[in-house]
Amino acid sequence: MTKTYRIAVIAGDGIGPEITEATILALGEVGVPFEFTKVAAGLGAWEKYGNQLPQETLDVIKSSSACLKGPTQTPPGPGSFKSATVTLRQILDLYANVRPFRNHPGVPSVHKGVDMVVVRENTEGLYKGIEYGLGDSALGIRVITKKGSERIARFAFDLARREKRHRVTAVHKANVLKETCGLFRNVVAEVAKGYPGIQFDEMHIDAAAMRVAMKPQDLDVIVTTNLFGDVLSDEVAGVVGGLGIAPSANVGDRYAFFEAIHGSAPKHAGKWDANPTAIMLSAAMMLRYLGEIGAAARFESAIDRVLDEGKTVTRDLGGSAGTMDFARAVAGAMKAAKSP
Ligand code: NAD
């Protein structure tokens, strides 16, 4: 009997409910049985329950096979609540943020021939959120540990080995941030010695940012700290076609959630015109995590077919289709692939 996967769904804020609904519709055609449980997080949860990440949400995620997450909104500045996404990563110890990038057929991009993965440490660094206001000044503490650096380095090398990739590049700024980046760099270099079949090199974050802009085809797997990984991966998204097509996985030893790397795009909320590709590709990563490799491949190739055809794409990709039009087109492509 086929297994039914219980999936926790955080619809999130802004465009979140629209792109998650689109994804659930398309997932209906992948041929894998799901039971979706909607849970609250983010600004909406804060306004309704006074808690951006209610305990019930955590309980449901912990008892599910995986979580599909829409973007959640966090008001900026002091006095507002801590990001639900960052809190979720820290509470569930989802230490690896995996952000793969490749060109998609039919999607205009600054560069072609890109195929790389950013593996971002997801629980430490400046995003630990240890900050103080002191009179007219503000202080932040950057936490880098040997344990945290070691496990993300191993994760990156294991991913490289599994995906038959050739090189892992540690991205840091150890020439200036001597203690924090220095520790990270040294630990990754030590872990690299255990993977003789995979090349290891390193780059300063500023040089890596320029490489992404000029020649991203040179890059394979990047392993880096939290804030650098966050910024660098939006830059890579920008050169392969935009945030609308960039997926991610947040993975730990016990739990995982899957989300687009973009935010809640509040200006698009309610218009049903946001691109759901990124969260759909994240759902494909979720299928792989669940071991449903064939379903993941079917879903990805249906998405690529619709993108390539170009008739039902959203505004950010030069089309005029709505969020649900794209989802129905992807579902239709999977249905068509099934029929003899
Ligand atoms: P954003 O990613 O929401 O938007 C950046 C730009 O990309 C905007 O012009 C937006 O319209 C566009 N865009 C993003 N996704 C798109 C899509 N699917 N289709 C079409 N266009 C899209 O970033 P922001 O404006 O910096 O942040 C808005 C809110 O999102 C903030 O409250 C922030 O905290 C939150 N955020 C959440 C997450 C998350 O939940 N993981 C990540 C990033 C930002």
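All ligand and atom numbering here is 1-based and tracks the order in the structure. Because the structure is predicted, anything quoted here is derived from the model rather than measured.
- Ring geometry, Phe155 versus Tyr95: the interplanar angle exceeds 60°, so the pair is classed perpendicular (tilted spans 30 to 60°).
- Of all the heavy atoms of Asn275, the ones lying under 4.0 Å from any atom of ligand 1 are found in both the backbone and the side chain.
- Considering each of Ser83, Ser264, Gly70, the one bringing a non-hydrogen atom nearest atom 29 (C) of ligand 1 is Ser264.
- The shell of residues lying under 4.0 angstrom from ligand 1, judged by heavy atoms, excludes Arg315.
- Neither the backbone nor the side chain of Asp13 has any atom closer than 4.0 Å to an atom of ligand 1 (non-hydrogen atoms only).
- From the protein, the heavy atom lying nearest to atom 8 (C) of ligand 1 is Ala265 CB, 4.9 Å.
- At a heavy-atom cutoff of 4.0 Å, ligand 1 is contacted by the side chain of Thr85 but not by its backbone.
- The two residues Val171 and Phe184 make their nearest non-hydrogen contact at O-CE2, 3.9 Å.
- Under a 4.0 Å heavy-atom criterion, Pro266 is in contact with ligand 1.
- Closer than 4.0 Å to atom 25 (O) of ligand 1 lies none of the heavy atoms of the protein.
- Under a cutoff of 6.0 Å and an axis angle of 45°, Arg142 and Phe228 form a cation-pi pair.
- Atoms of ligand 1 found under 4.0 Å from any heavy atom of His268 (numbered from 1 in listed order, with element): 11 (O).
- Asp273 contributes no side-chain N or O that, together with a main-chain N or O of Gly322, makes up a donor-acceptor pair within less than 3.5 Å.
- Heavy atoms of Glu259 found under 4.0 angstrom from ligand 1 belong exclusively to the side chain.
- Note: Phe200 and Tyr195 fail the aromatic proximity criterion, with ring centroids not under 6.0 Å apart.
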